[in-house]
Chemist: 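The following block contains the structure, expressed as structure tokens.
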Amino acid sequence: MVETETYSESTASARPVDFLVIGAMRAGTTSLHNTLSKLDGLSLPRMKETDFFIESKNWARGLDWYRGLFASRDSALRGEVCPNYAKRDVFPEVPGNVRALAPDVRLIYLVRDPVERALSHFRHTWISTGDVPSPDAFEGSWAERHILSTSQYAWQLEPWLDTFSADQVLVIDLETLICEPETQIAAIADHIGLDADIEVDHLITENAAVDVARMPRWWHAMRNTPVGIKARSMTPTGLVRAVKSRLRSRTVSEVPALPSSVRDRFAEILARDAQALRSLTGQSFARWSV
């Protein structure tokens, strides 16, 4: 178990993290990570998705390991992007663990049309791990329940808002971020306390869905093994990208199509939570399908 030193003003200089992008998975977190990593005054870890605050993953590695992932620039704001932090059905301990070590942390929750996100989640999991049933056995499965819960943004935010003040949480819509990158990145900078001139006219995007589909499945399986975690924590980002470029296949893995009834069921189930998120944030999410 990690030694959880109590936060105080005297330990502020050794703060573990200043801001977290807590999700959502398949909502543009990679593009946001790439964009934030280019801003002056920020320090992001060498490995995206450290999963540090998850007890079944890297919590036991301790604070020294976590701090060691960031460049040693005391003046920089430290932050990470980790969509697993907003999966309360499987990692409910995360808000409490963050609170124990970083009570003043600023939180960013990136969301997108919940139906589209859920469908993207299915495709991603089929390609990367295969840990989803075939379309004819998908309805009612654990995989479907998990995918749907990850798209229930208001429900995912509940424990964070129970643990932190509302002004520590900023919800950003992916579609708005794509259409208005400069204003949205400026809003994020203001939220986390980054005092810098922001000049962002586009997101630094990668075609993540295609990239995932072209990587061998063993690569995805290796990422979260002890060897994979150690390698990612020590290897420069540029070298990781070079290795991935060499490993990518020219062909894209095929994913079975989910029937239209699945989309309809997703929309019916997710509509109520989408309305709850509108009430919670005051945002219209006008481009969403629900």
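We count residues from 1, following the sequence as given.
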Chemist: Do the side chains of Val98 and Val17 get nearer than 4.5 Å, heavy atoms only?
Modeler: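 No - every pair of side-chain heavy atoms lies 4.5 Å or more apart.
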
Chemist: Quick one: OG on Ser37 to NZ on Lys48, what's the gap to the nearest 0.5 Å?
Modeler: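 The NZ atom of Lys48 is 11.5 Å from OG of Ser37, to the nearest 0.5 Å.
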
Chemist: Minimum heavy-atom separation for Ala154 to Leu277, with atom names?
Modeler: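 Nearest heavy atoms, Ala154 then Leu277: CB-N, 3.8 Å.
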
Chemist: Does some side-chain heavy atom of Leu161 sit less than 4.5 Å from a side-chain heavy atom of Leu280?
Modeler: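 Yes, their side chains come closer than 4.5 Å.
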
Chemist: Within the distance-only criterion (no hydrogens, no angle test), does the side chain of His191 pair as donor or acceptor with the backbone N or O of Gln168 below 3.5 angstrom?
Modeler: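 Yes, the answer is positive, given that a donor and an acceptor are paired below the 3.5 Å cut-off.
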
Chemist: Do Ile108 and Ile192 make a side-chain contact, defined as non-hydrogen atoms from C-beta onward lying under 4.5 Å apart?
Modeler: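 Answer yes - side chains close enough.
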
Chemist: Any Lys/Arg nitrogen of Arg46 or Glu80 sitting under 4.0 Å from an Asp/Glu carboxylate oxygen of the other?
Modeler: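 Salt bridge: no.
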
Chemist: Under a plain distance cut-off of 3.5 Å, with no hydrogens placed, do Trp59 and Asp51 share a side-chain donor-acceptor pair?
Modeler: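 Trp59 and Asp51 do not have a side-chain donor-acceptor pair below 3.5 Å.
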
Chemist: Does Leu170 form a side chain to side chain contact (heavy atoms under 4.5 Å, CB included) with Arg106? I'd like the steps, not just the answer.
Modeler: CA-CA 8 Å; Leu170 176 66; Arg106 310 299 285 182; over 6 Å; no

Chemist: Hey, could you give me the OG1/NE2 distance between Thr35 and His33, rounded to the nearest 0.5 Å?
Modeler: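 If I round to the nearest 0.5 Å, the distance is 10.0 Å.
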
Chemist: Side-chain heavy atoms nearer than 4.5 Å, only ILVMFWY residues, links allowed to pass through others: does that put Trp155 and Leu107 together?
Modeler: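 Result: no, two separate clusters.
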
Chemist: Which of these passes ring pair (Phe, Tyr, Trp, His ring centres under 6.0 Å) with Phe52: Phe70, Tyr66, Tyr85?
Modeler: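 The passing option is Tyr66.
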
Chemist: Is the backbone N or O of Phe53 less than 3.5 Å from a side-chain atom of Asn97, with the two atoms forming a donor-acceptor pair by type?
Modeler: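 Judged by distance alone, yes, a pair lies under 3.5 Å.
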
Chemist: Would a hydrophobic clustering, with Ile, Leu, Val, Met, Phe, Trp and Tyr connected at side-chain separations under 4.5 Å, put Phe19 with Val200?
Modeler: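 Per the 4.5 Å side-chain linkage, Phe19 and Val200 are co-clustered.
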
Chemist: I'd like to know if the side chain of Arg26 reaches the main chain of His124, judged simply by a donor and an acceptor atom lying under 3.5 Å from each other, with no hydrogens or angles considered.
Modeler: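 Flag not set: sc Arg26 to bb His124 has no pair under 3.5 Å.
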
Chemist: Is a side-chain donor or acceptor of Arg117 paired with a backbone partner of Met25 at a separation under 3.5 angstrom?
Modeler: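 Answer holds: yes.
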
Chemist: Determine, stepwise, if the pair Lys38 / Asn34 fulfils side chain to side chain contact (heavy atoms under 4.5 Å, CB included).
Modeler: CA-CA 7 Å; Lys38 301 300 182 182; Asn34 293 341; over 6 Å; no

Chemist: With distance as the sole test, does Gln283 use its side chain to make a donor-acceptor pair with the main-chain N or O of Val171 at under 3.5 Å?
Modeler: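 Yes: the side chain of Gln283 pairs with the backbone of Val171.
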
Chemist: Rounded to the nearest 0.5 Å, what separates atom CD in Glu268 from atom OG in Ser261?
Modeler: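 Here the rounded value is 11.5 Å.
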
Chemist: Do Leu258 and Arg263 touch side chain to side chain, with heavy atoms closer than 4.5 Å?
Modeler: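 Of all side-chain heavy-atom pairs linking Arg263 with Leu258, none is under 4.5 Å.
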
Chemist: Starting at CZ of Phe285, measure out to CZ of Arg287 and round the result to the nearest 0.5 Å.
Modeler: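 Rounded to the nearest 0.5 Å, the CZ-CZ separation comes out at 11.5 Å.
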
Chemist: Between Gln152 and Arg272, is there a side-chain heavy-atom distance shorter than 4.5 Å?
Modeler: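 No, every pair of side-chain atoms sits at 4.5 Å or beyond.
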
Chemist: Look only at the side chain of Arg112 and the backbone of Asp173, and say whether a donor-acceptor pair between them is shorter than 3.5 Å.
Modeler: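 Absent.
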
Chemist: Could you see if Trp126 belongs to whatever hydrophobic cluster contains Phe266? Use Ile, Leu, Val, Met, Phe, Trp, Tyr and a side-chain cutoff under 4.5 Å.
Modeler: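 Per the 4.5 Å side-chain linkage, Trp126 and Phe266 are co-clustered.
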
Chemist: Do NZ/NE/NH1/NH2 and the carboxylate oxygens of Arg265 and Glu139 come within less than 4.0 Å?
Modeler: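 Counted as a salt bridge, because a side-chain N and a carboxylate O are separated by less than 4.0 Å.
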
Chemist: Do Asp113 and Glu175 make a side-chain contact, defined as non-hydrogen atoms from C-beta onward lying under 4.5 Å apart?
Modeler: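 A side-chain contact is absent here, since even the closest heavy-atom pair is not under 4.5 Å.
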
Chemist: Do side-chain atoms of Gln184 reach the backbone of Thr176 as a donor and acceptor pair under 3.5 angstrom?
Modeler: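 No, Gln184 side chain to Thr176 backbone: no donor-acceptor pair under 3.5 Å.
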
Chemist: Hey, does the side chain of Tyr153 reach the backbone of Tyr109 with a donor-acceptor pair shorter than 3.5 angstrom?
Modeler: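 No: the side chain of Tyr153 does not pair with the backbone of Tyr109.
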
Chemist: Under 6.0 Å from the CG atom of Asp167, do we count more than 12 heavy atoms belonging to anything else shown?
Modeler: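 For Asp167, atom CG is crowded (more than 12 foreign heavy atoms under 6.0 Å).
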
Chemist: Taking C-beta and beyond as the side chain, do Pro259 and Pro135 meet within less than 4.5 Å on heavy atoms?
Modeler: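 Yes, at least one pair of side-chain atoms sits under 4.5 Å.
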
Chemist: Where is the tightest heavy-atom contact between Leu63 and Pro16, given as atom of each residue plus distance?
Modeler: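 Minimum heavy-atom contact is CD2-CB, 3.8 Å.
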
Chemist: Are the side chain of Asn84 and the backbone N or O of Glu49 linked by a donor-acceptor pair below 3.5 Å?
Modeler: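 No: the side chain of Asn84 does not pair with the backbone of Glu49.
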
Chemist: Quick one: pull up OG in Ser149 and CD1 in Ile269 and give me the separation to the nearest 0.5 Å.
Modeler: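 Rounded to the nearest 0.5 Å, the OG-CD1 separation comes to 11.0 Å.
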
Chemist: To the nearest 0.5 Å, tell me how far Leu119 CG sits from Ile147 CD1.
Modeler: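 Answer rounded to 0.5 Å: 9.0 Å.
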
Chemist: Grab the two heavy atoms, one from Asn58 and one from Thr50, that are nearest each other, plus how far apart they are.
Modeler: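 Nearest heavy atoms, Asn58 then Thr50: ND2-O, 2.6 Å.
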
Chemist: Show your reasoning for whether side chain to side chain contact (heavy atoms under 4.5 Å, CB included) applies to Ile54 and Val94.
Modeler: CA-CA 6 Å; Ile54 297 174; Val94 174; 3.7 Å; yes

Chemist: Around atom CD of Glu158, are there more than 12 heavy atoms from other residues, nucleotides or ligands closer than 6.0 Å?
Modeler: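 Counting neighbours around CD of Glu158, more than 12 heavy atoms of other residues, nucleotides or ligands fall under 6.0 Å, so yes.
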
Chemist: Just so I know, are the side chains of Thr163 and Trp160 near enough to count as touching, which here means a heavy-atom distance under 4.5 Å?
Modeler: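 No; the side chains remain at least 4.5 Å from each other.
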
Chemist: Can you see which heavy atom on Leu77 is nearest to which on Asp18, and at what distance?
Modeler: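 Residues Leu77 and Asp18, closest heavy atoms: CA-OD2, 3.4 Å.
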
Chemist: Among Thr183, Ile185, Val111, find the residue that satisfies the side-chain contact (heavy atoms from CB on, under 4.5 Å) test when tested with Leu177.
Modeler: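 Single pass found, and it is Ile185.
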
Chemist: What pair of heavy atoms forms the shortest contact from Ala102 to Phe164, and how long is it?
Modeler: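 In this case the closest contact between Ala102 and Phe164 is O-CE2, 3.9 Å.
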
Chemist: Measure across Leu42 and Ala76 and return the closest heavy-atom pair with its distance rounded to 0.1 Å.
Modeler: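 Smallest interatomic distance, heavy atoms only, reads C-CB, 4.1 Å.
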
Chemist: Between Phe122 and Phe138, how do the two ring planes meet: parallel, tilted or perpendicular, split at 30° and 60°?
Modeler: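 Because their plane-to-plane angle is over 60°, the rings of Phe122 and Phe138 count as perpendicular.
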
